[in-house]
Amino acid sequence: MRRRSLIAPIALALLVAGLALPAAGVSKGSGSAVPTRIGAGEGELKMVAWAGYLEKSWVAPFEKQSGCKVKPKYANTSDEMVALMRSGGGGQYDMVSASGDASLRLIFGGDIAETNVKLVKPWKDFHAAFKSPTTNTVDGKHYGISLQFGPNILLYNTKKQKKPTSWSAIYDPANKGQISIPDNPIQIADAALYLSKTTPSLKIKDPYELDSKQFAATIALLKKQRPLLGKYWVYASDQIDLFKNGKSTIGASWPYQMSQLKDAKQPVAAVTPKEGVTGWLDTWMLSSEAEHPNCAYLWWNYVSSPKVQAMQATTYGETPVNKKACKEMEKLVKGSCKTYSAAAPQAYYRSIKFWKTPLTDCGDSRGKVCMPYSKWVQAWTQVKG
Amino acid sequence: MAADATSLPEGPPRKGALRASSAVAWRWPGAKAVGQLGLPLAAFLLVYVAALVALLVSSFWSVDEFTSEVVHTWSLDNYRILWDDPTYRRIVLRTVGIATAVTLTCIVIAFPYALFLVRVAGPRLRVLLLVATVIPLWVSYLVRVYSWRLILNPEGALNWALTGLGLPGQNILYTNWAMWLVYSYIWLPFMVLPIYAALERVPGSYLEASADLGAKSLTTLRRVVFPLAIPGIAAGSIFTFSLTLGDYIAPGLVGGPGSQLIGNVVFSNVGIANNVPFAAAFATVPLAIMIVYIAIMRRLGAFENL
């Protein structure tokens, strides 16, 4: 018996050593060579995507013409996407439809391969703003191909609410218990955007670049908002339920919920409040450890083409980045090009504050005093209480 | 014996690795123990202990704020944040509070129910009710939580029944009350079964003896049946308490603002912030709570029933 009592501590010590050792050797190379031509497809493409981004109507023709079988994995949040792309040391998935708040984290984490845009023909037809946006282009190097963009909207029940004009509606005690907002740390930027207009003394220029004083004021506003909320919604379907059963009559939302609720004949409408909106610009990115890069290039060419861009835009309710998609949209749904501002997206694009990863470096003269994303997540826990 | 042995045909002695190892095992009992227990012990160490050690070790690491990759420098920062920030203290207290409330609720419902099963119900009714108790466990957890959303909706089944009876409607969906209700419902079978097992072991003669000595039925219940059921209650409470302590799904589905549990913070730090070290540090809190809890329950005899 005495001898066996020694086994446990020895085993434990070995385990600790075993865990500490690999820490030394792991470093990911992001310097894999950029391809100069597209080879034959590898027969498979494993993708992490937003729900609604890999619909059969446009994935099936791609599979047929390229021979690449698409294996989708749907994620609910940007953060889940980052986690998925890093799972198992990367290489579990080939591509990800990353939004701006995830893309830089992935690029700087070494998880994304550089893209040769010359191999993606429709790219030259993109509106200038989407050829090299800061969300997927670093130091002139491209890390992926822009896909579509859209705004976060203020959704309301037209029977129970007056048409709001300002985000103040979701901070208004008069709406107590009726408000629903996303359960997502990036929501802090929405509050910061509101404060940038209502409290100019804070001098918030970019809602994603908040120094400690601006950040504290924003968090204070969100903490004051909490008792007014009916719910922080986790899934888009949650908010749809909330609006359907009357638990919520106003809230921060996505175009997806509005189209779903309208399809269900619910009395809802959305406005772009006078303070402006936050939004997303999504990019299909290629993992630095991808096993099927040729299929990925074939996918980029396919999904960036005007017709497929139009299909996704009209199905999901967002704006395509390809100039030529407008005409195709009109063919699919009359008036949709104008609805989603696909004809003149640049001015529309400038009016939206796009999701991006908050970094310590403010990106201006203030220097490295801004709150990084990990602080946003911790603050969000405190906001929710 | 000796006579029998001579009548047995004696084959050639077996050779080979098996024979040799069995000889070794016979000569050195220590080697025998290692050979028998080695494999399961190794699996246990690798799967359970290694995971816990990994958890503990990584809780002292941190995350690079730029690339959000884990940095392997040792510090107590994660624990300091946990200690200094009142939010986390509140979340721990809320989690333990709800776990305690759920456990008490389950005891209050499960004890009379199990007693009814053992002492009152006939054999057929007993089987029927036991199956009815266990059936919900065959249904997906998510389905059961979502069904409570339908029940608790302002226009749902519960309000329909309440207003039908002329009572005022409730509006507890997306509150901590809803979480308490849902957990109490979901974990109830885990309390019923151990109490049932404990009560089933109480011999009928004890109750007769108690009655013969002049005890009324309530006195018998209080002084004979209940003390004998305590190990079962303790075992059941470990289930209900630890299951509530570790859950993170129900708060998102039926909880409201201010319904975060420990599990949610752990989940958001792993899944959202990719801050595994901080999540690991926070995950040690329910671990510590459970160690204390199980130590108390052991005193109450919870493990005599397993």
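Chain A is the first sequence line, chain B the second, and so forth, proteins listed ahead of strands; every chain is numbered from 1.
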message: Between B/Trp180 and B/Tyr185 (judged by ring centroids, cut-off 6.0 Å), do the two rings come close enough to count as a pair?
response: no
statement: Exactly one candidate in A/Asn157, A/Thr249, A/Asp172 meets side chain to side chain donor-acceptor pair (under 3.5 Å) with A/Gln178; the answer is A/Thr249
- prompt: Would a distance-only check, ignoring hydrogens and angles, find a side-chain to backbone donor-acceptor pair under 3.5 Å from B/Gln260 to B/Thr95?
  reply: no
Is [X] close to chain A through its backbone or its side chain, or both, or neither, when contacts mean heavy atoms under 4.5 Å?
| X | result |
| --- | --- |
| B/Pro251 | backbone |
| B/Leu56 | neither |
| B/Phe44 | neither |

- request: For each of B/Val265, B/Thr175, B/Asp85, tally heavy-atom pairs with chain A at distances under 4.5 Å, and name the one with the top tally.
  value: B/Asp85
- prompt: Looking at B/Thr87, B/Ile91, B/Leu253, which has the largest count of heavy-atom pairs under 4.5 Å with chain A?
  reply: B/Thr87
statement: Filtered by a 4.5 Å non-hydrogen cutoff, the part of residues 152-164 of chain B contacting chain A is B/Asn153, B/Pro154, B/Glu155
Distance-only polar pair, side chains of [X] and [Y], donor-acceptor under 3.5 Å:
| X | Y | answer |
| --- | --- | --- |
| A/Ser374 | B/Asn275 | no |
| A/Ser103 | A/Tyr143 | no |
| A/Asp79 | A/Tyr373 | yes |

A/Lys384 portion near chain B, given a 4.5 angstrom heavy-atom threshold: both
- prompt: Which atoms of A/Leu106 come close to chain B, meaning under 4.5 Å heavy atom to heavy atom: side chain ones, backbone ones, both, or neither?
  reply: neither
query: So with a 6.0 Å cut-off around OH of B/Tyr248, is the heavy-atom count from everything else above 12?
result: no
field: A/Asp111 and A/Arg105 ion-paired at < 4.0 Å
entry: no
field: Note, B/Val71 side chain near B/Trp61 side chain (heavy atom, < 4.5 Å)
entry: no
task: Verify ring pair (Phe, Tyr, Trp, His ring centres under 6.0 Å) between A/Tyr74 and A/Trp50, making sure each step is shown before the conclusion.
output: CA-CA 6 Å; A/Tyr74 296 109; A/Trp50 294 111; over 10 Å; no
- prompt: What residue, out of A/Asp238, A/Asp361, A/Val234, has the most heavy-atom pairs lying under 4.5 Å from chain B?
  reply: A/Asp238
